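Right, one structure below, let's go through it.
All values reported here derive from a predicted model rather than from experimental measurement. Letters go in sequence order (proteins before strands), and every chain restarts at 1.
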Amino acid sequence: MNFAILVLLPFLGALMPPLVERFSSNRTLLACGAALLPTAALLMLIKPAQQVFAGQTLLSAVDWIPSLGLSLAFRLDGLALLFAILVLGIGLLVILYARYYLSPKEKAGRFYAYLLLFMGAMLGVVTSDNLLLMVLFWELTSLSSFLLIGFWNHQTGARKGARMAMTVTGMGGLALLAGVLLIGHVVGSYSLGQVLISGAQIQASPLYPLILCLVLLGVFTKSAQFPFHFWLPHAMAAPTPVSAYLHSATMVKAGVFLLARLYPALSGTDLWFDIVATAGMATLLWGAAVALFQHDLKGLLAYSTISHLGLITLLFGLNSQLAAVAAVFHIINHATFKASLFMAAGIIDHETGTRDMRRINGLWKYMPYTAVLAMVASAAMAGVPLLNGFLSKEMFFAETLESSHLGALSWLLPLGATLGGVFSVAYSARFIHDVFFNGEPVNLPKYPPHEPPRYMKVPVEILVALCVAVGVFPAFTVAGLLAVAAQATLGGALPEYHLSIWHGFNAPLVMSFVALFGGIFIYSQRRRLFDLYARLPAMDARLVFEGRIQALGRLASAITGRLQNGSLQSYAAWLLTLVAVVLLTQLPNLPGWHGETAMLPLDGVSLLCAGMLVAAALLTTLLHRHRMTSIMCLSVVGLMVSLLFVRFSAPDLALTQLSVEVVTILLLMLAMYFMPVRTRAESSVIRVVRDLLLAGVIGAGVAVMAFLVMTGELSSISPFFLEHSKPGGGGTNVVNVILVDFRGFDTFGEITVLGIAAMGIYALLRDMRLRSARYDALGRPWAKDAHPLVLVTISRPLLPLALLIAVYIFLRGHNLPGGGFVAGLITSVALLLQYVASGVGWVHERMPGDYHPVVALGVLLAGLTGVGSWVFGFPFLTTTHDHFHLPWIGDFELASAMLFDTGVFLTVVGATLLMLANLGKLSLLDDKKEGA
Amino acid sequence: MSHWIIAPILIPALAGMLLLLEVREWHRLRRITGLLSASALLAVAVLLWEQAADGTITVYQLGNWAAPFGIVLVLDRLTALMLLLTAVLAFPALLYACRGDDRKGANFHGLFQFQLMGINGAFLTGDLFNLFVFFEVLLIASYGLALHGRGPARVKAGLHYVALNLVGSALFLIGLGLIYGTTGTLNMADFAVKAQAVTGMDQALLKVAVLLLWAVFGLKAALFPLYFWLPATYANATAPVAALFAIMTKVGLYAIVRVYALAFADGPLAGLGQQGLWALALTTLALAGIGVLGARRLGTLVAYLVIMSVGTLLAALTFGQLSAAGPALYYLVHSTLICGALFLLADLVARGRGEAGDRFVAGPVIPAGGVLAGLYFMAAIAVVGLPPLSGFIGKVALLKAVPVPLYWVLLLLAGLCGLIGMSRAGSSMFWRTTGPGEGVRPGRQRLLALLVLLAVVPALTLWAEPAMQAAGQVAGQLAQPQLYIQAVLGGQS
Amino acid sequence: MLASAISLTFGLLTVAWLLNLYRLVRGPTLPDRVLALDTMYINSIALIVVYGIQVDSKLYFEAAMLIALIGFVSTVAVAKYMTRGDIIE
Amino acid sequence: MKALFERCFPSPSLSLLLWLTWLLLNGFSPGHAVLGLVLAVLLPLGTRPFWPNVPGIRNLPRLGGFILVVLWDILVANLSVARKVLGPLGDMRPAFVEMPLSLEDDFAIALLTSTVSLTPGTVSADVSMDRKTLLIHALDVDDEQALIEEIRQRYERPLKEIFQC
Amino acid sequence: MDAVIEWLVAICMVTGGVFALIGSIGLARLPDFFTRLHGPTKATTLGVGGTIAASLLFFSWQARQLQLHEVLIILFLFITAPVSAHMLAKAAMHRGLKRVKRTRGEPWQQ
Amino acid sequence: MELLVAVIIGVLVSTGVYLCLRARTFPVVMGLTLLSYGVNVFLFAMGGLKIDKVAVVGLNSDPTDPLPQALVLTAIVIGFAMTAFLVVLALRSQAEHDTDHVDGNDSGEGGR
Ligand code: NA
Ligand code: NA
């Protein structure tokens, strides 16, 4: 069976607790359900473990995304095995522990699910054989730990701690991703096997410093190395089983695991030493020193964890094989004693209701058994002989003495190590003395404390037993595992080392004793030191971090608010500025200021027309605050544009422009009823200047381009249209044939736009309430004559007349200027005139007032005309036309395009009426008038 | 002759027309019509994807007029992909709307269908002016949809959106005019050919034209400094509308990519405006990250995520000669659907929180909050680009394909901003609760719609390799414009 | 001969236009401006007709006819706006 | 037969107008005569509800005479108005004149007001809401009563005869 | 070209132009809105009428066939122009626009 | 003549742009209308200017370019639809905000 399955098991296991919860509320059953698959995984590990002990490296790979180089590749070597055992073993103990820790009210199912999720992710990290895959699991640990830390999410501390942990480790994860991608870039593969033998290649690459920094960023954030350590103490807001798991054997160990994993590939350089050893030393000292001053039981353990992680990091940083072995050894030892200590702390918390060491005193009397366990474990943490901590610490002291990296300053390393040891002893002493002795408990929430339930102590017992066993019989217990793990770490032969409790009377032993007595001395001076510490400026990393994040958020909001100030003008100005920039950068490079062809001769009428147009446009702008005057000027512009179209051979355009103009005025008048008639002057001078500049540049640019194109030669596709209009499209008005035939699809889209606009306007107008003016612009009441006789009487017979003209314009459209669109507009205007003259009520008595179906029929007709060509095996909108002869009447021609044009006609009529009639009806909702 | 290629335009058009004809109060009929059309679109989109998958480029000559004289529709892999994406997004969005959002105002279903018609038309057309027309179709429908429902904020945002796009349309026409005035054609393929040949004055003018087009497409795509309208518009739109809008920015991107790949990937004007677009894309990415950090509502935050994906994508697309197009397309599919899903999710959360809405403040406990929180967690992971979901895969692929330090930094930082923003949002909406409230439990249909959209995340994760391969093939075809030109113009070019 | 008559007429009409524009700008009241605009439209009819004679083409006739037929609707709308505010009621 | 005619041509004068207009627009040809006829039937029928009270023309020759008179008046009075416009403005005696109406049909009243407006020197400013009085603004008038009488003779009476109202 | 016709066309056209101008002069020159109203509504009818007559003559002569469709322009104008004048007058009266002092009679307010 | 049309286009575009940048809906509507006039004439001019060469088959030997005219026709219609929508939206905005101002200070965070 493939060992890789065991990575999957915890993930599957995460489904178990919710499943069990469905059928039973028994907490033990639930815990068993949660433990089932991890246990299976642990058992399944036995056989592969034997192979690993036999010196094999097990590999298993399934392709996932080969194009990215991301495959589901797993490796089980000594290092992975060691971590797998830690992850699964301690994980199981934590599950057992949590069974008693969690109160019946808590959602234990969810808790176990998260825990197992995390377990799976962690297992994935340690067994990945593909670096990308490892990053994937790496980030999964961040995500699942987010859920675990935030488990008690009703507490602010838990929420913020969770977010902080995830933000910091997530950031590191992104850096790691970048680093891994670069490694892949250098090595050409993400396969661990390949990467581990390419150390020289990586270190020779110019990218090496960058890679190292990015990877280490990942490591340091995850392993809470200085200066990224601050998230860890706040992760203590998690339930204690979580802390026992995440901060002893797993989450924070992922960082140092990575140091071990990539040791052959990245280590051995001065840069490595400089960064890794420095960070390790700083963390070691800082963590150890601060730990002493924590009054929170878990806080003390958290800083101690930081410190020990620093120690491990420092060991890896020393660039010595023996140090690496020591590091691996300390990883094991730290996991065991720290997990047990957290659990003990949890028991104390559970039984006393507090974690404040100033209140917890003299527990020896109440829970002696727990006290013994905790004391043994803290002694291991302090490095007391005959316990496992002593062994690895001894190796650590020896290695600091060996290192010569710092040259003349090499003594700094052992000094720092000893100092770390001193504090380590001091906080361990505090943990023992302050909790179990030191007088009577003060004001405990739960009093008197008892020993915890029997099985809650089991995990602690097991771990403590391991501490002792390893400490006394290292060769029989841990040696084999350590050897394979270290071998896998180093990627080659192991250096010589001895795991024995007695190395003789040597320097490391002296350092140990200095640490022991120094620590006790420091602890004896604690009152003075606590006072000193209390006088230091309080710095809560969480507050600082939260503050930073919030400041960042505020800054982001400010920047965003600055850019997105909710002002249409500034948005439009950005867009237009971009255009102006394009014009200003491109136009000066033009090869000339005149095209190849000669201009048409100028004539007086055109000149005057243009002058009027320009004057009217400028007046529209200048007088825009006098709205009605501005509209009048705009009408002049519209008229002149129509005449321009007449002048330059575009009668179709002139007709369209003229009729659109009328409808537009109707629209504006309808709107003006609800709008102020004047605008105050409110633009600042700067703004006016800016806008004038923009307007000038863009206008000038467009004018220049227009001039150049007009005076240039153009060979276009148009001759085709002129040539095929009659034979192919059956019409002589080429513009119209283009509209209904060559480019009929455009027209189809265009009438759809019109229809949609009408629909949208209808939707906008529904339920719209506007206050209409009770008085006119001069403050008089409105006139009473709503439907002047002359207007009414003349406009009514005008309707059939206008319709006749519409038919005329429509029918000639295919061959001469005109067509469905203009015809539709004429019809609409004639009908709108009825609305204006006689009112909505009168009109709607005479015809249906809902124009939706008209629009629909129009577009449908146009569309069906297009679909009709399918019947004959032609594409959409293929037209046909033919000559017909009727006796007496003569020849005439029919084109299917006329049917399409009918659709256009109907849409235009329907849409304009839908828009304007409904806009007109708006005022009916307002009961302002008498005698209307 | 096969007419299926025009179906993505005609089906919604027909449905839209029927919806106009239907009697006002028959809501059920309207819903059925809309959903039938959306599912038909989905089926057709799958069919067309199958058709295009083997590399065939199908050309449909409307009115039986050959290109470059008539308008043609062109179906290649890119178009098929975009059509499929639209259909996949539209169906759940509509399903979601059919639980009541569609009745908040008039003509919702008609506008929705026309919106689809416009989007599909823009993807299908092979003609520049016709592209303009379909842009207008999709814009006018989107105006209506953006304003669907009520509220001053919506109206204000809508006003900005409309006015800016009207200016944009004017610029579009200027650009098109210049293109016609210098190359004498409107057909994209023909334009690609002619653009290689213009010289002198015409070339200079053509450059301006194309830069203007970039600006216009950039406005639709929501590129810096043209995206300012987007957050308010999207955040204030009704949820299913916002979800559908997730594809709208992609229409702008599509237009840039299409024209660029056809005419400016090489030749005398190779790389026209590329540097500018690249710079703008990176700025967009950075500012979107800042926007995500500064957002105080989930809707706004998701809107910035949309912008972020635009920046990410455009930067990738403008890098090199479209060399990163494959991963970009993968990421495009992922980000469009996930952003769509997030808009729906934001709405469900807001409904569950009553007064507190989707703002990042303490609020009541959300009924069935566990399900929503779980979905949110997954969606957040996906959208931020954390493992193991499709976002991570897409991001890795992009990072590999665009080895530019600045891009890496920005992309990773944007991811971090997303992480901070999403975790803050999630923690304050799901965790910071004030007790039981009066919020609404998410209904089954709405949840289903959300799940359909979210399903794409695991799908794109599990079948990442085939998806990546397909995206690569789309990109591969894009990199060979001569195939497109050959298919459209036949022997003429 | 005809050509000079056409030029002369153009001249007369354009001067008329200028006077209309003067009144439009000058006002002083809105009815004055509307009247000026209306007159300008009507003068345009004459102009288009004469232009048709000049270029000997009947293609522009519809434009003139259209102004005559529906041009007044805008004047009516503005006038109604002034008296009733509400042009469709 | 007559019933059919009345059904096809609810307003023969309107139909005639439309038919003539159609022929004017398209020129005379058999085809257009037929098409025009079709339209002359269909359009009035289709828009029937929109012009409910147009009275029939009872006296066609009188209508012809009326049109000629109006055209002549326009021609003549244009000259006088031109003189006034170009001459010294100080001599002008503008006036608002109220003319009592004896016409009873709205359409006829509208025609009268139009005629008054079309003929130079006078503009119909308003019709009272009870349709009994026409307010005329005259550019230059000596004797209001004479003006009223002239309008009555030249326009109102013919209209009354034409429409018999 | 037949000189007589040409002369006729020219005369009609210029007459039209002259009256159009006179109308506009009236618009510009007359002292109050109500008097200004007379200028355009009258002189322009003849102004347009003149040019229409010219056009009629010209095209009929060109085609050697009576071409009357331009008549429609003047027909429509005769129908519509009085309506605009009437509506404008009403608007002016409603607004109580100033009129020259010597005006007799009173405008209405209804 | 070409120069004249170019000037017209320039003025229309300039005034349109300037008005689009004002702070009320009304001038924005006017500006967009002017801008679309300018753009339509621009588009029209892209086919070159010809006098009395209407593109009707059989009337002229060298007719004007019909294609830009067809495009402008489409543009006019679409422009009208858009203007109408904008006007009604402006009214809606007036109804909701009781002002026709289009400037504001919110950064898209408006409440629901
Ligand atoms: Na204590
Ligand atoms: Na109204």
To the nearest 0.5 Å, what is the distance between [atom1] ([X]) and [atom2] ([Y])?
| X | Y | atom1 | atom2 | value |
| --- | --- | --- | --- | --- |
| E:Ser24 | C:Leu21 | OG | CG | 11.5 Å |
| E:Leu30 | C:Asp32 | CG | CG | 11.0 Å |
| C:Ile53 | E:Leu57 | CD1 | CG | 9.0 Å |
| C:Glu62 | E:His69 | CD | NE2 | 7.0 Å |
| E:Met87 | C:Met82 | CE | CE | 9.0 Å |
| C:Phe61 | E:Leu72 | CZ | CG | 5.5 Å |

Go through the steps to decide whether E:Leu21 and C:Leu19 satisfy the test side chain to side chain contact (heavy atoms under 4.5 Å, CB included), and finish with yes or no. CA-CA 8 Å; E:Leu21 178 60; C:Leu19 292 169; 3.9 Å; yes
[X] and its side-chain contact (heavy atoms from CB on, under 4.5 Å) partner, picked from [options]:
| X | options | result |
| --- | --- | --- |
| E:Ile73 | C:Ile48, C:Ile45, C:Ile67 | C:Ile45 |
| E:Met13 | C:Leu8, C:Leu12, C:Val50 | C:Val50 |
| E:Ser84 | C:Thr75, C:Val78, C:Thr39, C:Val73 | C:Thr75 |

Evaluation steps, side chain to side chain contact (heavy atoms under 4.5 Å, CB included), between E:Val48 and C:Val49: CA-CA 9 Å; E:Val48 175; C:Val49 170; 5.8 Å; no
Using non-hydrogen atoms and a 4.5 Å limit, figure out which bit of C:Asp38 sits close to chain E: side chain, backbone, both or neither. side chain
Per-residue contact mode, E:Ile52 against chain C (heavy atom under 4.5 angstrom): both
Is chain C contacted by the side chain of E:Phe59, its backbone, both, or neither, given a heavy-atom distance below 4.5 Å? side chain
Which one, C:Ala79, C:Pro31, C:Ala5, C:Ala46, leads in non-hydrogen pairs under 4.5 Å with chain E? C:Pro31
For the interface with chain E, which of C:Leu13, C:Leu18, C:Thr14, C:Ile42 has the highest count of heavy-atom pairs at distances below 4.5 Å? C:Ile42
Within-4.5 Å side-chain heavy-atom neighbours: C:Val34 and E:Leu88: yes
Could you walk me through whether E:Leu27 and C:Tyr22 pass side chain to side chain contact (heavy atoms under 4.5 Å, CB included), step by step? CA-CA 9 Å; E:Leu27 177 71; C:Tyr22 162 80; over 6 Å; no
